[in-house]
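We count ligands from 1, going down the list as the structure has it; atoms in each ligand are counted the same way. Just so we're clear, the structure is a prediction, and the values are computed from it rather than from any experiment.
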Amino acid sequence: MRTQVAIIGAGPSGLLLGQLLHKAGIDAIIIERQSPEYVLSRIRAGVLEQVTMDLLDEAGVGTRMHKEGLVHGGFDLLFKGQRHRIDMHELTGGKKVIVYGQTEVTHDLMDARKSAGLATIYEANNVSVHDFDTKKPRVRFEKDGVNHEIECDFIAGCDGFHGICRASVPEGAVTNYEKIYPFGWLGVLADVPPVSHELIYANTERGFALCSMRSKTRSRYYVQCPLSDKVEQWSDEAFWAELRLRLDPQARDQLITGPSIEKSIAPLRSFVAEPMRFGRMFLAGDAAHIVPPTGAKGLNLAATDVKYLSSALIEFYGEKSAAGIDTYSERCLRRIWKAERFSWWFTSLMHQFPESGSFGQKIQEAELDYLTHSRAASQSLAENYVGLPL
Ligand code: RFL
Ligand code: PHB
């Protein structure tokens, strides 16, 4: 087999890259380890920035997002038992985000790929990447017991944090920066109306909580939990009781509960690998960086990597120029580190850290008070939340 770009991973990064390259007439094959059903069953991101919406439009897959996505112009910060609204729309001169789940984004991209008749190889085993330091990189994998090899011009490593692309880079060629947080998020998805029409980020003495949603009839809630907790320990009743304790009296009264349709625990991590290009292999999305979900930046960062990578490849094939390819890593990393900083800061502000005790709680409350009463501070939060300009 031969193609121009071999894309490893059919998550949002790989699928979006495939679609943008297809629009530009560049040939690509996507190789994915899991089945399409498994990829769609992972419940992850919920909030899309304007930059991501624009890119989905450019890829020709924005129709359902505009129809079904919920436009949000603000969110609430809850601390000391009271809610304070951050009016993102007003503070940023009219910017907004859209609540539209990663599952739906992935669905739309899969449908577009299918109707264009483009190749995605699902359930590929033992995927490996070779010779990316030469002009003839190769990808090998096994499918239904048969070995295959793809020859290509470039490899795009869109295979997430646990993928093989970053792991195939020789030691010494990559530097990793990492911070692991001493807690996780226990998340529940349920077919009940959201407690509020906007998101609520809560700082409480019992730990962080987040009230989010997927639609007007489907809610997504999270509570901070110890890393040692197992999801089986948390009955639905125990989850709702804990969430209720972390809400203000009005939200507590309005909370509608019901059976969970998904429940999982996610660890929180900040991670960046530098650089993001190794000869003719590029890393994009979670393969190169992870943010804790507090700032809702992971999928949005993946989308900007893909924007930079697709335009670099389009420039390479169209204008025979390597300028975009040569600056890919630097352009991405500049944006990534700003989102890393914001996500780390917002996580540090909103969660209980075992080591910081009641002094830490008081400092957080003072900062939240400042944040919700100083226009300059609210503006900085709003500007980062809606997404910094490209
Ligand atoms: P993905 O989604 O992990 O996809 C990688 C794909 O590669 C496949 N793969 C392989 N394929 C072939 N061979 C191999 N050896 C392979 N190894 C792996 C995998 O099966 C998979 O299909 O990475 P991608 O595409 O870069 O997308 C990144 C996003 O998924 C991620 O950043 C976001 O979900 C993060 N995130 C959020 N981001 C936001 O922008 N806004 C949010 O509100 C938000 N909320 C969240 C989140 C992530 C969360 N979790 C569970 C970590 C909330 C949570 C709870
Ligand atoms: C979500 O809806 O899953 C979600 C929303 C906002 C976040 C993180 C996750 O900051």
Side-chain angles (χ1 to χ4, degrees), residues 6-18 30-36 38-49 51-52 70 72 75 97-103 105-106 109-110 120-129 139-143 155-168 184-189 194 198-201 208 210-215 218-222 262 264-269 271 283-306 339 342-343 346-347 350 385 387:
I7 301 174
I8 317 295
S13 303
L15 288 168
L16 182 58
L17 179 63
I30 305 185
I31 305 113
E32 164 64 49
R33 190 173 52 161
Q34 305 287 358
S35 68
Y38 183 92
V39 171
L40 284 173
S41 71
R42 294 185 294 222
I43 307 298
R44 290 188 173 175
V47 178
L48 307 182
E49 295 173 5
V51 171
T52 308
L70 305 170
H72 285 208
F75 59 87
V97 296
I98 200 162
V99 172
Y100 188 65
Q102 178 166 331
T103 311
V105 173
T106 310
L109 284 162
M110 278 179 172
T120 310
I121 298 157
Y122 284 100
E123 296 177 279
N125 292 317
N126 302 321
V127 181
S128 59
V129 290
V139 176
R140 296 200 185 110
F141 62 95
E142 191 192 308
K143 168 85 182 164
I155 297 173
C158 299
D159 51 347
F161 182 68
H162 298 288
I164 46 103
C165 290
R166 193 182 71 250
S168 306
W185 277 19
L186 167 66
V188 156
L189 187 71
E198 291 183 339
L199 271 60
I200 306 173
Y201 289 86
F208 170 77
L210 170 59
C211 305
S212 181
M213 64 195 74
R214 289 293 175 272
S215 69
R218 182 169 283 189
S219 300
R220 179 70 165 159
Y221 292 107
Y222 299 96
E262 195 265 359
S264 52
I265 294 181
L268 267 66
R269 180 195 308 269
F271 173 87
L283 303 180
D286 279 16
H289 43 78
I290 296 288
V291 284
T294 326
K297 290 281 163 264
L299 175 59
N300 293 298
L301 274 185
T304 18
D305 291 355
V306 167
F342 173 68
S343 305
F346 201 28
T347 302
M350 298 306 292
Y385 194 89

Output the list of atoms in ligand 1 that are nearer than 4.0 Å to some heavy atom of [X], sorted by atom number.
X      : value
Gly163 : 17 (N)
Ile164 : 15 (N)
Gly298 : 32 (O), 35 (C), 38 (N), 39 (C), 40 (O)
Cys158 : 5 (C), 6 (C), 7 (O)
Gly285 : 26 (O)
Ile31  : 11 (N), 12 (C)

Which of the atoms in ligand 2, numbered in the order shown and given with their element, are less than 4.0 Å from a heavy-atom of [X]?
X      : result
Thr294 : 10 (O)
Leu199 : 5 (C), 6 (C)
Val47  : 5 (C), 6 (C)
Tyr201 : 6 (C), 7 (C), 10 (O)
Arg44  : 3 (O)

Compute the minimum heavy-atom distance from [X] to ligand 1 and say whether it is under 4.0 Å.
X      : result
Pro12  : yes
Phe161 : no
Arg42  : yes
Ala124 : no

Please answer whether the main-chain N or O of [Y] pairs with a side-chain N or O of [X] as donor and acceptor at a distance below 3.5 Å.
X      : Y      : result
Arg166 : Phe161 : yes
Asn126 : Phe141 : no
Glu32  : Gln34  : yes
Thr52  : Leu48  : no
Asp159 : Cys165 : yes

With a 4.5 Å limit on heavy-atom distance, are the side chains of [X] and [Y] in contact?
X      : Y      : value
Arg220 : Glu262 : yes
Leu301 : His289 : yes
Tyr221 : Ser212 : no
His72  : Ile98  : no
Pro36  : Met110 : yes

Look only at interatomic distance and state if Ala45 has a nitrogen or oxygen under 3.5 Å from any nitrogen or oxygen of ligand 2.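 Checking ligand 2 against Ala45, no N or O pair falls under 3.5 Å apart.
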Taking a cutoff of less than 4.0 Å between a non-hydrogen atom of the residue and any ligand atom, is Trp185 in contact with ligand 2?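 Flag set, Trp185 near ligand 2.
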Compute the shortest N/O to N/O distance between [X] and ligand 1 and return yes if it is under 3.5 Å, no if not.
X      : value
Leu299 : yes
Arg220 : no
Gly46  : yes
Ala296 : yes

Distance check, rounded to the nearest 0.5 Å: Ser343 atom OG versus Arg269 atom CZ?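 Ser343 OG to Arg269 CZ: 14.5 Å, rounded to 0.5 Å.
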Indicate the ring-plane relationship of Phe346 and Tyr201, choosing parallel, tilted or perpendicular according to the 30° and 60° boundaries.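 It falls in the tilted class, 30° to 60°.
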Between Phe75 and Tyr385, what is the ring plane arrangement, given parallel below 30°, perpendicular above 60°, and tilted in between?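 Taking Tyr385 first and then Phe75, their aromatic rings sit tilted (interplane angle of 30° to 60°).
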So which heavy atom in the protein is nearest [atom], and how far is it from that ligand atom?
atom                    : answer
atom 8 (C) of ligand 1  : Glu32 OE1, 3.2 Å
atom 8 (C) of ligand 2  : Pro293 O, 3.3 Å
atom 31 (C) of ligand 1 : Asp286 OD2, 3.3 Å
atom 3 (O) of ligand 1  : Arg44 NH1, 3.0 Å
atom 46 (C) of ligand 1 : Ala45 N, 4.0 Å
atom 4 (O) of ligand 1  : Gly11 CA, 3.6 Å
atom 52 (C) of ligand 1 : Ala266 CB, 4.5 Å
atom 11 (N) of ligand 1 : Arg33 N, 3.2 Å
atom 18 (C) of ligand 1 : Asp159 O, 3.1 Å

What I want to check is whether the side chains of His162 and Asp286 have a donor and an acceptor closer together than 3.5 Å.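 No donor-acceptor contact under 3.5 Å links the two side chains.
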Can the ring centroids of Tyr38 and Tyr122 be said to lie less than 6.0 angstrom from one another?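 Here the rings of Tyr122 and Tyr38 have centres that are no less than 6.0 Å from each other.
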For ligand 2, which part of [X] has a heavy atom less than 4.0 Å away: the side chain, the backbone, both, or neither?
X      : answer
Arg214 : side chain
Ile43  : neither
Ala296 : both

For ligand 1, which part of [X] has a heavy atom less than 4.0 Å away: the side chain, the backbone, both, or neither?
X      : value
Ser13  : both
Gln102 : side chain
Trp185 : neither
Ser264 : neither
Ile8   : side chain
Asn300 : both

